[in-house]
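Per chain, numbering begins at 1; letters A, B, ... match sequence-line order. Small disclaimer: the values here were computed from a predicted structure and weren't measured.
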Amino acid sequence: MRRCIKYSDNFGRSFMNDVKAQMKEKLKEITVSALAKAVEEGALSLDGIPDFAIEVPQAREHGDFAANVAMMAARTAKMPPRKIAEIIKDRMDIAGTGVERVEVAGPGFINFYLSPTWAHGVIPVILSEKENYGRQDIGKGRKVQVEFVSANPTGPMHMGNARGAALGDALASVLEMVGYDVEREFYINDAGNQIENFGLSLEARYLELLGYESSIPEGGYHGEDIKDHMRELIEKEGDKFLSWDSAERRAYFVEYALKKNIARMKEDLKNFGVTFDVWFSERTLHESGKVQEVIRLLTERGYTYEKDGALWFKATAFGVPKDEVLVRQNGIPTYFAADIAYHKDKFDRGFDWVIDIWGADHHGHVPRVKGALAALGYDPEKLTIIIMQLVRLYRNGEIARMSKRTGRAVTLADLVEEVGKDAARFFFNLRGADTHLDFDLDLAVKQSEENPVYYVQYAHARISSILRQAKEQGVEVPESGEIAPQDMEKLLSELISEAEIELIKKLADFPEVIKVAATTLSPYRITNYTMELAAAFHSFYNACRVLTEDPNLTKARLMLVKAVQQVLRNAFNILGISAPERM
RNA sequence: GCGCCCGUAGCUCAGUAGGACAGAGCAACGGACUUCUAAUCCGUGGGCCAGGGGUUCGAAUCCUCUCGGGCGCGCCA
């Protein structure tokens with residue numbers, strides 16, 4: 001008969017796979033009841049339970065967990081923290097909790113020393129939860145949209161877009177992991193001045209290729225890709241556009257090249273492991289009248305005025321240093337007007353939360369958009385804009401802005417080709433969005449110990465190798481369901497060396513890492529975690545043999561490494577890097 | 001000039017909603033492969049957390065000023 005292991009019936013779904021959070025909760029309860037007892041007995045006088053934390057001390061000597069309750073209570077209790085800590089400690093009931101001893105230390109910490117096997121239960125949890133280990137329900141199914149990359153469709157994507165892609169996709173995945181209903185969106189800037197310039201540039205190249213005198217306008221696009229588009233078009237259609245009206249001709253060229261560029265972007269992003277649910281065209285906002293509508297609404301609400309022949313938005317009414325133009329003198333709405341309409345549209349589509357990832361060069365735009373949303377009666381708090389610092393590219397030890405060969409910046413496609421999807425995505429998510437990222441192409445390419453992505457993938461490959469050999473030897477990794485809880489506990493109690501304990505504790509950290517990564521919108525924490533987990537595994541690997549003469553020890557260690565492999569995979573999935581079976 | 005971001009070991013950066021002596025990788029040096037992958041491990045050295053002041057029982061973390069770097073401040077997007 002199969003028996004299902006239940007580690008907790010009285011905790012919610014988010015706790016079910018988080019043995020660490022369960023332990024923290026348990027210790028908090030012990031502490032609170034001891035505190036309540038002390039108050040009841042008159043040993044302490046407090047007006048309520050202080051908002052204290054159970055945390056993991058930095059130093060091992062300080063135990064497995066610590067409570068800072070005494071320091072928090074010192075003020076209202078009018079008593080030195082150490083004394084309060086003693087009072088609480090003396091009233092703690094630790095019977096049957098796994099707590100071996102409690103000590104008061106330092107300025108007044110209450111340190112908990114647990115049995116070294118306290119976290120062992122995480123292994124069967126991981127083996128039965130599998131890809132769901134780490135999953136939580138913070139989002140409660142709320143709809144969130146993550147808009148990222150949104151590169152100009154006038155040319156290929158660059159390194160900044162690549163960083164945005166890696167960050168946005170990983171962020172979307174983390175939010176999915178914690179229970180949000182996530183949609184990934186790409187905003188196509190297929191309208192406005194830049195499209196005008198794009199058309200003029202295409203036309204100039206077309207004429208030039210057919211032997212006519214022409215030049216790229218001010219602010220136009222000089223890249224080789226513009227020429228390539230027109231060369232290709234001439235091959236297919238010849239010189240028939242020479243007789244066309246210039247405006248119609250340009251519109252045709254733009255249509256033609258845009259379609260190609262967008263297809264190319266989709267392809268490049270796919271090769272980078274990123275796919276979007278929605279590709280949203282800016283032009284549709286103009287065509288559907290949504291831009292006009294938003295201008296009308298702002299005017300109705302009294303937030304616009306005319307000056308110098310243009311229509312302005314009173315951004316200063318929302319704490320923005322300067323008012324902004326909505327409609328130019330020539331009657332054409334600005335990008336800003338379209339962006340207001342775009343964000344209104346996002347909320348009208350029913351998203352509870354909207355996240356935009358923008359490059360640092362757009363940060364001045366943030367308060368304006370939020371102000372405009374507030375003017376329209378939307379809650380600007382529901383819009384989170386992550387400002388991503390720019391990427392500096394290094395090659396041969398110096399800043400590489402342009403590729404000499406092509407005369408253009410390094411593209412996302414170049415990056416994937418040169419360093420590979422895994423290394424690139426790992427690098428981009430190694431740091432927070434705030435940091436000015438230095439991307440060292442030589443280092444990323446290097447297949448050596450200097451390159452951290454191989455370090456974590458190697459851990460996965462090593463485990464795969466062990467599992468392959470176990471199979472060859474006919475050794476089965478026990479399924480968690482087929483062992484009764486007591487037997488499981490006994491089996492896992494074999495794992496008591498320092499390397500094993502450390503590794504198991506790392507496994508228990510995972511749900512918390514996911515939670516913090518999600519709530520602080522920082523997928524890089526998961527990247528850092530994979531390195532810590534890999535380090536703990538590699539140490540274990542060098543200290544302990546998995547396939548031994550002892551069948552029980554072998555079983556226990558096989559379960560452990562399989563759990564490590566599972567957690568690595570779960571993390572890799574979020575980061576969008578592959579989990580190689582061999583290296 | 002004004003606004004946003006950043007400043008932690010020689011280099012690249014962590015530091016978990018302020019917590020106990022500040023951590024990791026790389027680089028440097030010294031060790032470990034007839035044993036499940038040495039793309040690994042173990043060990044050693046290395047710091048006025050840019051600087052001053054403030055809040056706090058307690059500050060790399062919060063406030064303020066100064067210095068240094070990046071990015072904005074278009075009827076571009």
Q: Can you say whether a donor on the side chain of A/H363 sits under 3.5 Å from an acceptor on the base of B/G3, or the other way round?
A: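 Donor-acceptor pair under 3.5 Å: yes.
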Q: For residues 66-83 of chain A, which side-chain donor-acceptor pairs fall under 3.5 Å, sequence neighbours excluded?
A:
unit_1, atom_1, unit_2, atom_2, d
A/N68, OD1, A/A53, N, 2.9
A/T76, OG1, A/A73, O, 3.4
A/R82, NH1, A/G106, O, 2.8

Q: Just wondering, do A/L560 and A/V546 contact through their side chains at under 4.5 Å, heavy atoms?
A: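 A side-chain contact under 4.5 Å is absent here.
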Q: Applying the Watson-Crick and G-U wobble criteria at under 3.5 Å, what pairs with B/C67? Answer none if nothing qualifies.
A: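 Per the H-bond distance test, B/G7.
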Q: Starting at atom CZ of A/R582, determine the distance to atom P of B/C36, rounded to an integer number of angstrom.
A: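 So the two atoms are 15 Å apart, to the nearest Å.
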Q: Just to confirm, is there a sub-4.0 Å distance from OP1 or OP2 of B/C75 to any side-chain nitrogen or oxygen of A/Y335?
A: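 The answer is no; no side-chain N or O of A/Y335 sits under 4.0 Å from OP1 or OP2.
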Q: Give me the distances for all protein-to-nucleotides 42-45 of chain B N/O pairs that come in under 3.5 Å?
A:
unit_1, atom_1, unit_2, atom_2, d
B/C42, OP1, A/S539, OG, 2.8

Q: The side chain of A/K322 lies closest to which of these nucleotides: B/C73, B/A20, B/C36?
A: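 Of B/C73, B/A20, B/C36, B/C73 is nearest to the side chain of A/K322.
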Q: State plainly whether the residues A/E512 and A/K24 are in salt-bridge range, i.e. N to O under 4.0 Å.
A: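 Here A/E512 pairs with A/K24 in a salt bridge, since their nearest N and O are under 4.0 Å apart.
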Q: OP1, OP2 of B/A77 versus side-chain N and O of A/R328: anything below 4.0 Å?
A: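 So the side chain of A/R328 is within the cut-off, an N or O lying under 4.0 Å from OP1 or OP2 of B/A77.
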Q: Mind checking side-chain contact (heavy atoms from CB on, under 4.5 Å) for A/N261 and listing every partner two or more places apart, or none if nothing turns up?
A: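 For A/N261 the side-chain contact (heavy atoms from CB on, under 4.5 Å) partners, ignoring immediate neighbours, are A/F198, A/H229.
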Q: So is A/K421 actually on top of A/F426's ring, under 6.0 Å and inside 45° of the axis?
A: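 Geometry flag: not set, cation outside 6.0 Å or 45°.
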Q: For B/G25 versus B/C62, give the span between their P atoms, rounded off to a whole number of Å.
A: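 That atom pair is separated by 26 Å.
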Q: Which residues satisfy the ring-ring contact (aromatic ring centres under 6.0 Å, His included) test with A/F540, sequence neighbours excluded?
A: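 Expected list: none.
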Q: Determine the interatomic distance between C1' on B/C11 and the same-named atom on B/G46; round to the nearest Å.
A: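 Rounded to whole Å, the distance is 13 Å.
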Q: Classify the side chain of A/N111 versus the base of B/A20 as yes if they form a donor-acceptor pair under 3.5 Å and no if they do not.
A: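 A donor-acceptor contact between them is present.
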Q: Tell me, please, which residues at least two apart from A/K562 pass side-chain hydrogen bond (donor to acceptor under 3.5 Å, both in side chains).
A: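 So A/K562 forms no side-chain hydrogen bond (donor to acceptor under 3.5 Å, both in side chains) with any residue.
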Q: Using the C1' atom as the point on both nucleotides, what is the distance between B/G23 and B/G51, in whole Å?
A: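 Between the two C1' atoms, the distance is 23 Å.
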Q: Just call it for A/E549: base, sugar-phosphate, or nothing, with non-hydrogen atoms closer than 4.0 Å on any strand.
A: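 Here A/E549 touches no strand at all.
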Q: Output all residues satisfying side-chain contact (heavy atoms from CB on, under 4.5 Å) with A/A360, sequence neighbours left out; order by chain, then residue number.
A: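 side-chain contact (heavy atoms from CB on, under 4.5 Å) check on A/A360 returns A/I387, A/Q389, A/L390.
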Q: Between B/G54 and B/G10, how many Å separate the two C1' atoms, rounded to a whole number?
A: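 Roughly 34 Å separates the two C1' atoms.
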Q: Need the pair for B/C29. Rule: Watson-Crick or G-U wobble, both distances under 3.5 Å, any strand; none if unpaired.
A: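 B/C29 is paired with B/G43.
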Q: With a 4.0 Å cut-off on heavy atoms, is A/A310 in touch with a base, just the backbone sugar-phosphate, or nothing at all?
A: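 Answer is base: heavy atoms of A/A310 come under 4.0 Å of a base.
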Q: Quick one: which of B/A39, B/U56, B/A38 gets closest to the side chain of A/Y454?
A: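 Looking only at side-chain atoms, A/Y454 lies closest to B/A39.
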Q: Using atom types as modelled, flag every donor-acceptor pair under 3.5 Å from a side chain in residues 307-314 of chain A to any protein atom, sequence neighbours excluded.
A:
unit_1, atom_1, unit_2, atom_2, d
A/W312, NE1, A/K307, O, 3.2
A/K314, NZ, A/G302, O, 3.3

Q: Considering every strand shown, what is the Watson-Crick or G-U wobble mate of B/U12 when both distances are under 3.5 Å?
A: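 B/A24 - that is the nucleotide pairing with B/U12, both distances being under 3.5 Å.
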Q: Under a 4.5 Å cut-off applied to non-hydrogen side-chain atoms, are A/L547 and A/L558 in contact?
A: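 A side-chain contact exists here, since the closest heavy-atom pair is under 4.5 Å.
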Q: If the condition is ring-ring contact (aromatic ring centres under 6.0 Å, His included), which residues does A/H158 pass it with, not counting sequence neighbours?
A: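 With sequence neighbours excluded, A/H158 shows a ring-ring contact (aromatic ring centres under 6.0 Å, His included) to no residue whatsoever.
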Q: Please tell me which of the listed nucleotides, B/C6, B/G72, B/C41, lies nearest to the side chain of A/D361?
A: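 The listed nucleotide nearest to A/D361's side chain is B/G72.
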Q: In plain terms, say whether A/R60 and A/E502 are close enough for a salt bridge, that is, a side-chain N and a carboxylate O under 4.0 Å apart.
A: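 Looking at A/E502 together with A/R60, the answer is yes, because their closest N to O distance falls below 4.0 Å.
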Q: Between A/D434 and A/D51, which residue's closest nucleotide on RNA chain B lies nearer the 5′ terminus?
A: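 Final value for this comparison: A/D434.
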Q: For nucleotides B/C49 and B/A60, find the distance between their C1' atoms and express it as a whole number of Å.
A: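 Here B/C49 and B/A60 have their C1' atoms 5 Å from each other.
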Q: Between C1' on B/U61 and CD on A/E55, what's the gap in Å once rounded to a whole number?
A: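 Whole-Å distance recorded here is 14 Å.
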Q: C1' atom, B/A24 versus B/G47: distance in rounded Å?
A: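 B/A24 and B/G47 have their C1' atoms separated by 14 Å.
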Q: Describe the nucleic acid contact of A/R557 in one word from base, sugar-phosphate, nothing, applying a heavy-atom distance below 4.0 Å.
A: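 It contacts nothing in the nucleic acid.
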Q: Quick one: list whatever passes side-chain contact (heavy atoms from CB on, under 4.5 Å) with A/E103, sequence neighbours left out.
A: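 For A/E103, the residues satisfying side-chain contact (heavy atoms from CB on, under 4.5 Å) (neighbours in sequence not counted) are A/R101, A/Y113.
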Q: Could you let me know what B/U55 is paired to, Watson-Crick or G-U wobble, both distances under 3.5 Å, or none if it's on its own?
A: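 Partner of B/U55: none found under 3.5 Å.
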Q: Expressed in whole Å, how much space separates the P atoms belonging to B/A27 and B/U34?
A: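 Approximately 24 Å lies between the P atom of B/A27 and that of B/U34.
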Q: Would you mind classifying the nucleic acid contact of A/H538 as base, sugar-phosphate or nothing, using non-hydrogen atoms under 4.0 angstrom?
A: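 Contact class for A/H538: sugar-phosphate only.
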Q: The criterion is side-chain contact (heavy atoms from CB on, under 4.5 Å); which residues satisfy it with A/Y524, sequence neighbours excluded?
A: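 A/Y524: side-chain contact (heavy atoms from CB on, under 4.5 Å) contacts with A/S522, A/N528.
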Q: Does B/G72 have A/H362 stacked on its base, where the ring centres are within less than 5.5 Å and the planes differ by under 30°?
A: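 Not stacked by the 5.5 Å and 30° rule.
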Q: Going by atom types alone, do A/S464 and A/Q565 pair a side-chain donor with an acceptor below 3.5 Å?
A: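 Their side chains do contain a donor-acceptor pair, which is all the 3.5 Å distance test asks for.
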Q: What nucleotide, of B/A77, B/C21, B/A20, holds the atom closest to the side chain of A/P107?
A: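 So the nucleotide nearest the side chain must be B/A20.
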Q: Report the base-pairing partner of B/G72 (Watson-Crick or G-U wobble, both distances below 3.5 angstrom), or none.
A: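 For B/G72, the partner nucleotide comes out as B/C2, under the 3.5 Å rule.
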Q: With sugar-phosphate meaning primed atoms plus P, OP1 and OP2, does A/A66 contact a base, only sugar-phosphate, or nothing at under 4.0 Å between heavy atoms?
A: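 Base: the residue A/A66, judged by heavy atoms under 4.0 Å, touches a nucleobase.
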Q: Within the pair A/N542 and B/C41, is there a side-chain N or O less than 4.0 Å away from OP1 or OP2?
A: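 Answer is no, no contact under 4.0 Å.
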Q: Applying a 4.0 Å non-hydrogen cut-off, can you work out what A/D308 is touching in the nucleic acid: base, sugar-phosphate, or nothing?
A: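 Counting heavy atoms under 4.0 Å across all strands, the contact made by A/D308 includes a base.
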Q: Along nucleotides 8-16 of chain B, 5' to 3', which nucleotides get a B, which get an S, and which get a -, given that the test is a protein heavy-atom distance under 4.0 Å?
A: ----SSSSS
Q: Are A/W358 and A/H365 close enough that their ring centres sit under 6.0 Å apart?
A: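 Between A/W358 and A/H365, the centre distance is under 6.0 Å.
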Q: What nucleotide among B/A39, B/C75, B/C36 has an atom nearest to a side-chain atom of A/L547?
A: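 Nearest nucleotide to the side chain: B/C36.
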Q: So, does A/Y455 get its side chain near the phosphate of B/C41, meaning an N or O under 4.0 Å from OP1 or OP2?
A: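 For B/C41, OP1/OP2 do have a side-chain N/O of A/Y455 under 4.0 Å.
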Q: Looking for any heavy atom pair under 4.0 Å, which part of the strands does A/A338 touch: base, sugar-phosphate only, or nothing?
A: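 A/A338: no heavy atom of the nucleic acid under 4.0 Å.
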Q: Using both distances under 3.5 Å as the test, list the Watson-Crick or G-U wobble partner of B/A17, or none.
A: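 Partner of B/A17: none found under 3.5 Å.
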Q: For B/C2 versus B/A9, give the span between their C1' atoms, rounded off to a whole number of Å.
A: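 Their C1' atoms lie roughly 36 Å apart.
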Q: Within the 4.0 Å heavy-atom criterion, would you say A/M72 contacts the bases, only the backbone, or no part of the nucleic acid?
A: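 Base, at least one base atom sits under 4.0 Å.
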Q: Since syn is defined as within 90° of 0, does B/A39 count as syn or as anti?
A: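 B/A39: anti glycosidic orientation.
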Q: Looking at B/A20 and A/F109: do their rings stack (centroid distance under 5.5 Å, interplanar angle under 30°)?
A: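 According to the criterion (under 5.5 Å, under 30°), yes, A/F109 stacks.
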Q: Let's see if you get this right: which residues in residues 461-470 of chain A place a heavy atom under 4.0 Å from RNA chain B?
A: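 Only A/A461, A/R462, A/S465, A/I466, A/Q469 qualify.
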Q: Decide, for B/C5, between syn and anti: a glycosidic angle within 90° of 0 counts as syn, anything else as anti.
A: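 Glycosidic conformation of B/C5: anti.
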